[in-house]
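In this chain, numbering begins with 1 at the start of the sequence shown. Below, all heavy atoms of this structure are taken into account, side chains as well, without hydrogens, waters or symmetry copies.
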Amino acid sequence: MVDVVTEIEIARPREAVAAYASDPENATRWYRNLESVEWETAPPVTIGSRIAFVARFLGRRLSYTYEVREIVPGERFVMSTAEGPFPMETTYTWTDTPDGGTLMTLRNRGEPAGFSRIGAPMMAMAMRRANWNDLREIKRILEAEPG
């Protein structure tokens, strides 16, 4: 089992961070390895929405479709995929910080299948590094916005 949890403090209100992060239209702006996003169901995002992603990870091109499983506005967003060699669940959570900012947590967990299982430790390390870079990018974007 791979379970990678990464978090960062963002000096923006929780509602603003959650709205930006949970909108698939913004994903290619802050996920550095993400090449494209395509809605398979009509926007806006709701439970059951299906969104196709194309990404590059560990030198490979990956295509997968996430289905939104849970939405608690401003608090939690969960989506998962059962496709490919690495079925995964991605969870975003947001909590207030004492200074009025937001603690954003990004969790990716899944069970690699077949050959992918052998590389799970290396995959977890690469995911942790990619998640950290992505969270730093969303922080940079949101903190640069006025207000």
Ala21 to Trp94 - nearest heavy-atom pair and separation: CB-CZ2, 3.8 Å
CG-OG1 distance between Leu62 and Thr81, expressed to the nearest 0.5 angstrom: 10.5 Å
Rounded distance [0.5 Å steps], OH in Tyr64 versus CE in Met88: 6.5 Å
Between Glu7 and Thr105: side-chain donor-acceptor atoms closer than 3.5 Å: yes
Partner set under side-chain hydrogen bond (donor to acceptor under 3.5 Å, both in side chains) for Asn108, not counting sequence neighbours: Thr90, Asn131
Heavy-atom pair of closest approach, residues Asn33 and Ala130: ND2-CB, 3.8 Å
Atom pair CZ/CE of Arg129 and Met125 - distance to nearest 0.5 Å: 6.5 Å
Thr102 side-chain N/O to Thr95 backbone N/O, donor-acceptor pair under 3.5 Å: no
Over 12 non-hydrogen atoms of neighbours within 6.0 angstrom of CD in Glu15: yes
Same apolar cluster: Val78 and Leu103, side chain cutoff 4.5 Å: no
Residue pair Ala124 / Val4: nearest heavy atoms and the distance that separates them: O-CG2, 3.7 Å
Verdict with reasoning, Thr93 to Thr91, per side-chain contact (heavy atoms from CB on, under 4.5 Å): CA-CA 7 Å; Thr93 59; Thr91 302; 4.0 Å; yes
Flag, side chain of Glu143 to backbone of Ala11, donor-acceptor distance under 3.5 Å: yes
Any side-chain heavy-atom pair of Ile51 and Val37 under 4.5 Å: yes
Within one Ile-Leu-Val-Met-Phe-Trp-Tyr cluster: Tyr31 and Trp39, side-chain cutoff 4.5 Å: yes
Closest non-hydrogen atom pair, Thr6 against Arg128: OG1-O, 4.3 Å
Under the side-chain hydrogen bond (donor to acceptor under 3.5 Å, both in side chains) test, residues paired with Thr97 that sit two or more places apart: Asp99
Non-neighbouring partners of Glu75 that pass side-chain hydrogen bond (donor to acceptor under 3.5 Å, both in side chains), sequence neighbours left out: none
Under 3.5 Å: donor-acceptor pair, side chain of Lys139, backbone of Ile8: no
Ion pair check, Arg32 and Asp134, cut-off under 4.0 Å: no
Electrostatic pair Glu70:Arg76 at N-O distance under 4.0 angstrom: yes
4.5 Å side-chain heavy-atom contact, Val68 and Thr46: no
Criterion side-chain contact (heavy atoms from CB on, under 4.5 Å) on Asp3 and Arg107, from CA distance to verdict: CA-CA 7 Å; Asp3 192 350; Arg107 181 181 189 189; 2.5 Å; yes
Steps toward side-chain contact (heavy atoms from CB on, under 4.5 Å) verdict (Ile47, Arg69): CA-CA 5 Å; Ile47 293 174; Arg69 302 289 183 196; over 6 Å; no
Listed partners of Glu25 passing salt bridge (charged side-chain N to carboxylate O under 4.0 Å, His left out), at least two apart: none
Parallel, tilted or perpendicular, as decided by the 30° and 60° cut-offs, for the rings of Phe77 and Tyr92: parallel
Flag side-chain contact, heavy atom, 4.5 Å: Val2 against Arg109: no
Candidate pair Val54 and Leu34, rule side-chain contact (heavy atoms from CB on, under 4.5 Å), full reasoning: CA-CA 6 Å; Val54 175; Leu34 200 55; over 6 Å; no
Shortest non-hydrogen contact between Thr41 and Ser49, atoms and distance: OG1-CA, 3.3 Å
Note, Glu35 side chain near Arg56 side chain (heavy atom, < 4.5 Å): yes
Atom pair CZ (Phe53) and OG (Ser63), whose distance is rounded to the nearest 0.5 Å: 12.0 Å
Salt bridge (Lys or Arg N to Asp or Glu O under 4.0 Å) contacts touching residues 41-51 (sequence neighbours left out): Glu40-Arg50, Arg50-Glu67
Those residues that, when tested against Tyr20, pass side-chain hydrogen bond (donor to acceptor under 3.5 Å, both in side chains) (two or more places apart): none
Main-chain N/O of Gly74 paired to Arg14 side chain as donor or acceptor, under 3.5 Å: yes
Residue pair Val45 / Ser22: nearest heavy atoms and the distance that separates them: CG1-O, 3.8 Å
